[in-house]
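Below, chains carry the letters A, B, ... as their sequence lines are ordered, and counting in each starts from 1. Since we're looking at a predicted model, the values are computed, not measured.
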Amino acid sequence: MGKVADLMDRLTSLCKRRGFIFQSSEIYGGLNGCWDYGPLGVELKRNVKNLWWRDVVTSRDDMVGLDASIIMNPRVWEASGHVGGFADPMVDCKKCQGRFRADQLYYAVRQGQSRQGGNASVGFSAIADKAEDALVAMELQLKKKGRQIREWTNDFELIRYDHRQSEQTPCPACDEKGSLTAPRAFNLMFKTHVGALEDSSSVAYLRPETAQGIFCNFKNVLDTQRLKLPFGIAQIGKAFRNEINPRNYTFRSREFEMMEIEFFCHPSQADEWYQYWRKARFDWYVNLGLRSDRLQLRDHEKDELAHYAESCVDIEYAFPFGVSELEGVANRTDFDLKQHQEYSGKDMSYYDDQSKERFLPYVIEPSAGVDRSVLAFLCEAYTEDEAPDDKGLPQKRVLMRLHPKLAPIKAAVFPLVKKDRMPDIAHKIHEQLKGRWNAFYDEKGAVGRRYRRQDEAGTPFCITVDGQTLEDQTVTIRDRDSLAQDRVSCDKILGYLREHLGN
RNA sequence: GCGGGCGUAGCUCAAUGGUAGAGCAUCGGCCUUCCAAGCCGGCUAUGUGGGUUCGAUUCCCAUCGCCCGCUCCA
């Protein structure tokens, strides 16, 4: 365990040291769950988003983009189920630390006994949507304890949890009486007010997901883009969740960025497209350098499925702190369009003029966390190996083996030493490169030190102007991972990089 | 949100109820012809706010943040 924490520590330390990721508002002590991307981090993150956009939008014929607003009409969140489902009052057990929805907590109390002095005799508690289900749950509990059902069903009365009677309510998990806290509301949506008046009529929310902006614009996109099913709408943007407990570096943040696709299709084709996207999205990560044996597809169990989803799979990565979700691919059926049709009163159906059929499309949703991808790429890239020093002795080396397409800096240009016109030539090469790629120039200090700095930044190639350059117009190009150097003619540098960077 | 641990320089770590040190990094200079060399010099810290005290980085309280375990994760 110490080793795991250690690895994350070394990674976070490097990210700070080299300018990948900083804590938000650090000079004021930071803010839990919020992070800033530094000069290297912003390049990495932008590369992730650009590659995603290119792969799922611009290189396809069946996808268009969208950039919806973060603050939307609050009724959107009533339709989506976020307001109702997430404002639930919760109670905690102080003994076993269990947490339960107060409106789903039932308990059984023996009738009449409380009037005879003393506390009412309490049987069991259970969590259920309805009272009947609570009875069933309690019967199961009793059976487990080897008692007869008849023994209590007649004598006990089922009561919905009321905090004023918390003294006699046993915890559904540990049976301890009087250990439950007062109900508290947990809504993961950030609330704000639109306009100058801060009253209940002006309440609005920061979106907790980008998906609803797509659903709300389904008709607009359909009407303006001459699209036919199946097609998708893609969006990259910030979302906000007031997480109870942000943890694991940038993995669970309160402000985060998502890359989401809503792919609309005929209900009969939904499963086919679901299968397509779960594979396509898995392969995307592998192609950008995540090792497939650290990635897995995990199908949700039936009882784990969200209320809107028919099927759902998580693409999970083995982070140092545990296997965690990068992206979910879900078959959301027609749930969302149906909800918005009902709440807005606007028709959301699609008319297929070939089959003369009118229907609500099903939707497959690949929903990825940008920050989580970035973190996975960083974890995957972090490597410690050994490289020889100037005396040939092996020294520890830290490098970020980022895929060249993801690397913040594509190439660094160095004069071997700061004399003999070497800086002039190196400057010219840098000028040539920086119009096309993010390239970096450095002439200070020993060249070995400059190489090591670029290793930590994940720069795949270092181009060095040396004594031989002055004679035959060639430079060396050093590979980050192998340390091997190719000697390349100055006029072939662009071609070399194009070939090796893959873009 | 609960329980436990922890906050000293950019990073990693010392020390102390009475002047806060080191290594590395960084910056400037010298020197350097291929992988963190060397020398000289510079910048940089007790998370924040209260309290106790003649004096607090040290003790106490609060707060913010981080880590671990639980919890949560439409």
Enquirer: Heavy atoms from C-beta onward define the side chain here; which of B:U33, B:A36, B:C27 lies closest to that of A:Val417?
Expert: B:U33
Enquirer: Would A:Phe251 and A:Phe321 count as a close aromatic pair, with their ring centres under 6.0 Å?
Expert: yes
Enquirer: For B:U32, does either OP1 or OP2 sit under 4.0 Å from a side-chain N or O belonging to A:Arg449?
Expert: no
Enquirer: Please work out if A:Leu31 contacts a base, only the sugar-phosphate, or nothing of the nucleic acid, heavy-atom cut-off 4.0 Å.
Expert: sugar-phosphate
Enquirer: Ion pair present between A:Glu257 and A:Lys238, side-chain N to carboxylate O less than 4.0 angstrom?
Expert: no
Enquirer: Any idea which of B:C35, B:U33, B:C68 is nearest the A:Arg478 side chain?
Expert: B:C35
Enquirer: Starting at atom CG of A:Asp9, determine the distance to atom C1' of B:G7, rounded to an integer number of angstrom.
Expert: 14 Å
Enquirer: Here's a test of your reading of the structure: between A:Glu325 and A:Arg452, which maps to the more 5' nucleotide of RNA chain B?
Expert: A:Arg452
Enquirer: For the side chain of A:Gln23, counting heavy atoms from C-beta on, which of B:C66, B:C11, B:U33 is nearest?
Expert: B:C66
Enquirer: Let's see if you can work this out: which of B:C73, B:U33, B:G69 has an atom nearest to the side-chain heavy atoms of A:Arg252?
Expert: B:C73
Enquirer: Please report the distance separating the C1' of B:U58 from the corresponding atom of B:G10, rounded so that it comes out in whole Å.
Expert: 25 Å
Enquirer: Should A:Glu386 and A:Lys396 count as an ion pair when the cut-off is N to O under 4.0 Å?
Expert: no
Enquirer: Please tell me which of the listed nucleotides, B:C73, B:C34, B:U33, lies nearest to the side chain of A:Arg241?
Expert: B:C73
Enquirer: Is the base of B:G10 touched by the side chain of A:Arg18 through a donor-acceptor pair closer than 3.5 angstrom?
Expert: no
Enquirer: Are more than 12 heavy atoms from other residues, nucleotides or ligands located less than 6.0 Å from atom NZ of A:Lys338?
Expert: no
Enquirer: For A:Arg247 and B:C67, what is the distance between atoms CZ and P respectively, to the nearest whole Å?
Expert: 7 Å
Enquirer: Ignoring backbone atoms, test whether A:Asn32 places a side-chain nitrogen or oxygen under 4.0 Å from the OP1 or OP2 oxygen of B:C66.
Expert: yes
Enquirer: Between A:Phe218 and A:Phe264, is the ring-ring contact (aromatic ring centres under 6.0 Å, His included) condition met? List the steps.
Expert: CA-CA 9 Å; A:Phe218 173 67; A:Phe264 301 93; 4.5 Å; yes
Enquirer: Name the nucleic acid region contacted by A:Thr464, choosing base, sugar-phosphate or nothing; use a 4.0 angstrom heavy-atom cut-off, strictly under.
Expert: base
Enquirer: Do any side-chain nitrogens or oxygens of A:Lys16 fall under 4.0 Å of OP1 or OP2 in B:C11?
Expert: yes
Enquirer: Quick check on B:C34: is either OP1 or OP2 less than 4.0 Å from any side-chain nitrogen or oxygen of A:Arg450?
Expert: no
Enquirer: How would you label the contact of A:Thr476 with the nucleic acid (heavy atoms, under 4.0 Å): base, sugar-phosphate, or nothing?
Expert: base
